[in-house]
Number of protein chains: 4
Amino acid sequence: MTQRADARRNQQALLDAAAEVFVRSGVDAPVRDIAATAGVGMGTIYRHFPTRAELIIAVYRHQVEACAEAGPRLLAADPPLVALGRWIDLFADFLVTKHGLAGLMQSDDFRPLHEYFLDRLVPVCTSLLDAAAAAGEIQGDLTAYELMRGVGNLCIGSDDRYDARRLVRLLVSGLAAPRPASP
Amino acid sequence: MTQRADARRNQQALLDAAAEVFVRSGVDAPVRDIAATAGVGMGTIYRHFPTRAELIIAVYRHQVEACAEAGPRLLAADPPLVALGRWIDLFADFLVTKHGLAGLMQSDDFRPLHEYFLDRLVPVCTSLLDAAAAAGEIQGDLTAYELMRGVGNLCIGSDDRYDARRLVRLLVSGLAAPRPASP
Amino acid sequence: MTQRADARRNQQALLDAAAEVFVRSGVDAPVRDIAATAGVGMGTIYRHFPTRAELIIAVYRHQVEACAEAGPRLLAADPPLVALGRWIDLFADFLVTKHGLAGLMQSDDFRPLHEYFLDRLVPVCTSLLDAAAAAGEIQGDLTAYELMRGVGNLCIGSDDRYDARRLVRLLVSGLAAPRPASP
Amino acid sequence: MTQRADARRNQQALLDAAAEVFVRSGVDAPVRDIAATAGVGMGTIYRHFPTRAELIIAVYRHQVEACAEAGPRLLAADPPLVALGRWIDLFADFLVTKHGLAGLMQSDDFRPLHEYFLDRLVPVCTSLLDAAAAAGEIQGDLTAYELMRGVGNLCIGSDDRYDARRLVRLLVSGLAAPRPASP
DNA sequence: AATGAATGAGATTTCATTCAT
DNA sequence: AATGAATGAAATCTCATTCAT
């Protein structure tokens, strides 16, 4: 059982290395690079994460979970549209930080990854959206799926000249119902 | 001079073939496929377009030009914000149609491509934006560069479940100045 | 079109190299070895023979054809059982020479190879067998398929201590109808 | 001594597992599969059977011994050629049942395996063959070694369309001396 | 100028084998 | 003694790119 500790350490090294390499070279970086960065053999990656999607999911799982859990908390604390805005900020922060992650979701090869994100986060986003709609704070009938894809896309390639978060805020403000003219 | 004609014919065949293959298999389709579709040898592609970015630029040049030229025309015909909206629609249409093009812009390898697009279109977009700002129709100080990147990003991966144009419209509406409360 | 000559030369070099390597290391020798022996890059093999089965078939095609064509000739020249014996000798010679070929046929991976051999040779063998049966020279109802598999198997691993041809002759003699006791 | 018992139990589990896996996936099945089936670690296999040949020999030892012991018994009970035929049937049964075993013998890597079989069985076969020759029941001077290799080869890949036992019987009948013409 | 055959680097994946625990 | 995680050497296959013709 002592070995288990070793393996766990290794797995963590792998996750750290993968995260680092993903930032450096994108999520489709050669397996060999990740192995080298982690200081393990290539077989070790395949033992822990048989497919690339599994590795990516593992790399980002913690943050996806944190994001999912934040939804209800925000909704309880703020008016719906504010909560939605804050949650979207959280989501965007995550994506922007994970340089290259957003761009990845498009690829057919990463369907499982895409699905994991959606399965976990779309319901959360839906409840925020529904609450805002119920409160009459937003117009239209955009789905959570579309909103998240839009935000996800906006977060691709954020850099000095392109502040993704700013665009995201603009998008959310476009979502808000027009303020009724005062009487 | 006859050869010149030959070469020109070849170049056009190449552009047509590349456009077709780009739609079919994305802009990173194998060179061989493009050559085969054009009915020329692979060497011919390399002679005409030494890098893939050059080929892509050539493929889309006409449409980029058309888009650039539409700017002043729209501005002359409509109120600034309407003109901006229409121009953005035009730009988005172009990107959505060119499946995969938007996603490509991110890659460092295609810097030249990216730059061509920006050099040609940012000034046009800037003049539309400035006009709208001057008319008090928009708030904030978003640059044309950021707006175009945002729109470009939103256009990635449009499909049945994700209508990029809709998100783009939302973004533009977020740009509009809040209607001043009536007195 | 001059290049065609080059390519043809290359293809022949490939076939020669493959034949040599097959003898040395078996028909499942690494592609790289065959390429190296032929003095070409690995891609060249894949261009000429996309699958391993295609390469093997090509390597042995000439001899399979020669064997197939010998059947009718022998049948025309000799009494059926003699013709059958000679044809089987020919077939066995081929297999024994192609060290390792016989052993290969078993593998599921080489189904296409197996099928090519059978498609081409079973009909020939059948006509020899039928003629012998019609002449009352053989007993039983062994199929050409079984006979050929038997002969093929006997030819595996012929060497100094194991003379496959001798075993084949024994098998064929076991096929002959028992001489009717003289009156 | 308790550990000795453990080790013995393990060894038996390994043999059973190997036999099972050999049937399922052939004698060159991955070591890991055998270990998993036996419910032991891979290191345990290497401890007990450092080479694959040793494992295979161990797996089949019982049956090889049984076959060897049957020789004298059959010879005592039947006329020599009948005894030979029955013994060969026994040998063929063993090989046909051990799917893939016969094909394996060819490989240079399994020389030790090959040798074990021959060392144990050739003398038995020789005595049967000699007895038949002494009785004038067979012709020629085929060695036991060649006969066994022939039978071994015939047993490769027996299936629905190829009945190895039938071919083996044919071979043995080819061995019989021609019935002397009646006076 | 054009061709397309050839090259070969690089990416993935599988397992036999070792060795720290 | 046993475990099974780790290793890393193969082997396969795919293209971007070159270059002889």
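In the text below, chain A, chain B and the rest are named by the order of the sequence lines, each starting its count at 1.
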Tell me whether the OP1 or OP2 atom of E:dA5 has a side-chain N or O from C:H48 closer than 4.0 Å. no

B:D28 CG - F:dC15 P separation (whole Å): 10 Å

Separation of E:dA16 atom P from D:F49 atom CZ, nearest Å, is 17 Å

Atom CD of A:Q12 to atom P of F:dA5: distance rounded to whole Å? 17 Å

Looking only at side-chain N and O atoms, does D:R47 come under 4.0 Å of OP1 or OP2 in F:dA2? yes

C:N10 vs E:dA5: side-chain N/O to OP1/OP2 distance below 4.0 Å: no

Just to verify, which of C:I56, C:V59, C:T44, C:L14 counts as forming a side chain to side chain contact (heavy atoms under 4.5 Å, CB included) with C:F49? C:L14

Distance, rounded to the nearest Å, where D:R8 contributes CZ and F:dA2 contributes C1': 17 Å

Return the set of residues passing side chain to side chain donor-acceptor pair (under 3.5 Å) with D:Q63 (not counting sequence neighbours), or none when no residue passes. none

Only Watson-Crick and G-U wobble pairs, only distances under 3.5 Å, only runs of 3 or more: what stems does that leave for DNA chain F? E:2-21 with F:2-21

Once you round it to whole Å, what is the distance between P of F:dC15 and CD1 of B:I34? 12 Å

Hits for side chain to side chain donor-acceptor pair (under 3.5 Å) against B:T51, two or more places apart or cross-chain, chain-then-number order -> B:E54

What are the two closest non-hydrogen atoms of B:L95 and B:G152, and how far apart are they? CD1-CA, 3.5 Å

Interatomic distance, D:R9 CZ vs F:dA2 P [rounded to whole Å]: 11 Å

Please evaluate residues D:Y60 and D:F22 with respect to the criterion side chain to side chain contact (heavy atoms under 4.5 Å, CB included), reporting the C-alpha separation (whole Å), side-chain torsions for both, the decisive distance (0.1 Å), and the verdict. CA-CA 11 Å; D:Y60 295 124; D:F22 287 171; 3.6 Å; yes

Per nearest nucleotide of DNA chain F, the residue lying toward the 5' end, B:P30 or A:V40, is A:V40

Return whichever of D:A29 or A:D33 has its heavy-atom-nearest nucleotide of DNA chain E closer to the 5' end. A:D33

Please enumerate all protein N or O atoms sitting under 3.5 Å from an N or O of nucleotides 17-19 of chain F, with distances to 0.1 Å.
unit_1: F:dT17; atom_1: OP2; unit_2: B:Y46; atom_2: OH; d: 3.3

Kindly give the heavy-atom pair with the smallest separation between A:R149 and B:I156, and that separation in Å. NH2-O, 4.1 Å

Rounded to whole angstrom units, what separation is found between the CG atom of C:L55 and the P atom of F:dC13? 12 Å

Would you tabulate the side-chain donor-acceptor contacts of residues 29-42 of chain B under 3.5 Å, counting partners in other chains and residues two or more places apart, or write 'none'?
unit_1: B:T37; atom_1: OG1; unit_2: B:R24; atom_2: NH2; d: 3.2
unit_1: B:T37; atom_1: OG1; unit_2: B:D33; atom_2: O; d: 2.8

Residues at least two apart in sequence or cross-chain that pass side chain to side chain donor-acceptor pair (under 3.5 Å) with D:D16, listed by chain then number, are D:Q12

Work out which heavy atom in A:R52 is nearest to a heavy atom in A:V27; give both atom names and the distance. NH1-O, 2.9 Å

Is A:T44 near enough to F:dT7 that one of its side-chain N or O atoms lies under 4.0 angstrom from OP1 or OP2? yes

